[in-house]
2 protein chains.
Amino acid sequence: MPTLLDKPPVTAAEKTYLQLRRAIVEGQIPPAAKLSEADLAETYDVSRAVIREAVGRLEGIRLVERTANVGARVVALSLEALAELYQVREALEGMAARLAALTMDEREVEDLHRLLVHHRHSIKDSETYYQEDGDVDFHYRILQGSKNKHLIALLMGSIYHATRMYRVQLGMAGPRIARAFDEHHHIVDAIAHRDAELAEMLMRRHIQHTRQEIESKLLAQSTASKAKLA
Amino acid sequence: MPTLLDKPPVTAAEKTYLQLRRAIVEGQIPPAAKLSEADLAETYDVSRAVIREAVGRLEGIRLVERTANVGARVVALSLEALAELYQVREALEGMAARLAALTMDEREVEDLHRLLVHHRHSIKDSETYYQEDGDVDFHYRILQGSKNKHLIALLMGSIYHATRMYRVQLGMAGPRIARAFDEHHHIVDAIAHRDAELAEMLMRRHIQHTRQEIESKLLAQSTASKAKLA
DNA sequence: TTAGCTTTTATTGTCGACAATTAGTTAGTC
DNA sequence: GACTAACTAATTGTCGACAATAAAAGCTAA
């Protein structure tokens, strides 16, 4: 998965930020967990100042909530927060698809088609191969095609991490394969035809479906844990 | 203007953050200016650690860009950055209006109408009274009506500050009065009628018009400074 | 046993100092 | 005069220590 920071980190704070972000998103540090600066400083072998910088940045991308004089905590996952996240994502990625339809050049569109062909082969060869990476790659390409750095920073610097966090916690292998592929295909067609309106609409619908999938999984999980109590 | 942080700041870092943010948005610290931690620490009578926290937060809301080992600089204003900002704003506020149409209750909608009536009187009594505040208040109300905390945080915590910064630098007194009022009115009508689609469309168009206004002002200003050289 | 108050402990916020890096200045060469 | 290398100064990044605050623990009375 390409990231905004493909360059190696320069400062210890940045390196620690990346490490912490990964630990949170992948679940080593679970949702709602309290973050202790002293503990983390020991774990990562840096001073507390470095941890504070890193945690401050994690707060900025909404993976962490900080309370003055109390400390920082990983955000808790909830249906409400998920809905809010996906409404934001829908708006931003809809706009990204719209812009992509207007600004992507022929070669970029070709690359996108080629990516789809590649994904189709992956689906046939192995249903577990390239599932989430394919989806992420697809969205990444559209986003780059938007040519809007602000949009890119918002989605890749923040939204996508939160999205991934839900997936990891729900043990989701990746997005729906066949239907998602169809949706990808239609989106690319709209972009290729420079139909910004349609591209946006299809992307937004695609995001809505993804949201529904995660919501039902989250509901099923909380129902299952309730059944355990009975 | 109501802010997300109506409570007085608890920590020195937060207080300094608010002060710095204001200084940047209102132009006391101009765009592209280099920020010196030592100078700022002296100016605000705090330690450098406090400044670093505050500047880190300003980076998180994209008012400041930081380079490792070099320092921080207020973002430069440009046509390109303005376009990107407004594309993001359009997507988010369009979504906010859509959600407001779906979630605002009758009393909230009434309050919104009352606000419009109040604005109409302000326009008649004095064309300079409540111009920008009215617009901001309007958008604030819609945003609150969306009931999406993530959306609210993005717009009020970041986007609106950048928007204000452009206005201040361009010496703009506020938004277009008569036409903006009409647009506000249509948006409120759509919300009152629970027409989410229309509310979103009208809000997005409203934002587009605002963008065009700022762009032409920015162009006029850069043309004028070029004419001075000749 | 529970609730409220006080004390203790742990943690966060801020400080000044040292280490590391970059930008600016100066001297030498062509 | 222009360019380059070396040196110096300024600034940023990180450190450990102290101050301030909240949470936890302990004690007492009802």
Side-chain angles (χ1 to χ4, degrees), chain A residues 4-21 23-24 29-76 157, chain B residues 4-24 28-76 157:
Chain A
L4 205 57
L5 301 170
D6 287 315
K7 291 176 283 189
V10 174
T11 63
E14 190 178 347
K15 181 186 173 191
T16 307
Y17 159 71
L18 294 173
Q19 290 174 318
L20 272 175
R21 191 181 70 187
I24 288 168
I29 305 178
K34 182 75 159 52
L35 302 180
S36 152
E37 292 175 4
D39 288 351
L40 292 176
E42 198 172 317
T43 299
Y44 293 96
D45 196 31
V46 289
S47 75
R48 274 185 51 233
V50 172
I51 298 295
R52 291 183 66 80
E53 290 245 10
V55 167
R57 285 183 64 177
L58 290 166
E59 186 188 23
I61 67 168
R62 301 172 66 88
L63 286 189
V64 159
E65 286 173 330
R66 260 172 138 184
T67 308
N69 291 317
V70 173
R73 189 176 286 276
V74 175
V75 290
Chain B
L4 206 56
L5 300 170
D6 286 316
K7 291 176 284 191
V10 174
T11 63
E14 190 178 347
K15 181 186 173 189
T16 306
Y17 159 72
L18 294 173
Q19 289 173 318
L20 272 174
R21 191 182 70 188
R22 185 182 181 85
I24 288 168
Q28 282 89 51
I29 305 177
K34 181 74 160 51
L35 303 181
S36 153
E37 293 175 5
D39 288 351
L40 293 176
E42 199 172 316
T43 298
Y44 293 96
D45 196 31
V46 289
S47 76
R48 273 183 54 231
V50 173
I51 298 296
R52 291 183 65 80
E53 289 245 11
V55 167
R57 285 184 65 178
L58 290 165
E59 185 188 24
I61 66 166
R62 300 171 68 87
L63 286 190
V64 159
E65 285 172 330
R66 260 172 136 184
T67 308
N69 293 315
V70 172
R73 188 175 288 276
V74 175
V75 290

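These values consider heavy atoms only, across backbone and side chains, with no hydrogens, waters or symmetry-generated copies. Proteins get letters first, then strands, A, B, ... in listed order; numbering begins at 1 in each. Computed from a predicted model, the values in this text were never measured in an experiment.
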statement: On DNA chain D, more 5' by nearest nucleotide between Ala68(A) and Asp39(B) is Asp39(B)

- line: Note: for Val10(B) and Val10(A) on DNA chain D, the residue whose nearest nucleotide lies more 5' is Val10(A)

Residue [X], side-chain atoms from C-beta onward, closest of [options]:
X: Arg52(A); options: dG16(C), dT12(D), dG13(C); value: dG13(C)
X: Arg48(B); options: dG13(D), dC15(D), dT11(C); value: dG13(D)
X: Glu37(A); options: dG13(C), dT14(C), dC15(C); value: dG13(C)
X: Asn69(B); options: dT21(C), dG13(C), dT14(D); value: dT21(C)
X: Val70(B); options: dG13(D), dG13(C), dA23(C); value: dA23(C)

task: With the side chain counted from C-beta on, respond yes when Arg57(A) and Glu14(A) share a heavy-atom pair under 4.5 Å apart, and no when they do not.
output: yes

field: Any side-chain heavy-atom pair of Tyr17(B) and Thr11(B) under 4.5 Å
entry: no

Distance, rounded to the nearest Å, where [X] contributes [atom1] and [N] contributes [atom2]:
X: Glu53(B); N: dT14(D); atom1: CD; atom2: C1'; result: 14 Å
X: Ile51(B); N: dC15(C); atom1: CD1; atom2: C1'; result: 13 Å
X: Glu42(B); N: dC15(C); atom1: CD; atom2: C1'; result: 16 Å
X: Asp45(B); N: dT14(C); atom1: CG; atom2: C1'; result: 13 Å
X: Lys15(A); N: dG13(D); atom1: NZ; atom2: C1'; result: 15 Å
X: Arg57(A); N: dG13(D); atom1: CZ; atom2: P; result: 11 Å
X: Leu40(B); N: dC15(C); atom1: CG; atom2: P; result: 14 Å
X: Arg73(A); N: dT11(C); atom1: CZ; atom2: P; result: 13 Å

- request: Please check the phosphate of dA10(C) (OP1 and OP2 only) for any side-chain N or O of Lys34(A) closer than 4.0 Å.
  value: no

- prompt: Below 4.0 angstrom from OP1 or OP2 of dC15(D), is there any side-chain N or O of Ser47(A)?
  reply: yes

task: Would you mind checking if Glu59(A) and Arg21(A) are paired as a salt bridge, meaning a charged N to carboxylate O distance below 4.0 Å?
output: no

Electrostatic pair Arg73(A):Glu65(A) at N-O distance under 4.0 angstrom: no

task: Under 4.0 Å between any heavy atoms, over every strand shown, what does Ala49(A) touch: base, sugar-phosphate, or nothing? Just pick one.
output: base

task: Answer with base, sugar-phosphate or nothing: what part of the nucleic acid does Ala72(B) contact at a heavy-atom distance below 4.0 Å?
output: nothing

field: Atom CD of Glu42(A): over 12 foreign heavy atoms under 6.0 Å
entry: no

query: Looking at dG13(D), does its base get a donor-acceptor pair with the side chain of Arg66(B) below 3.5 Å?
result: no

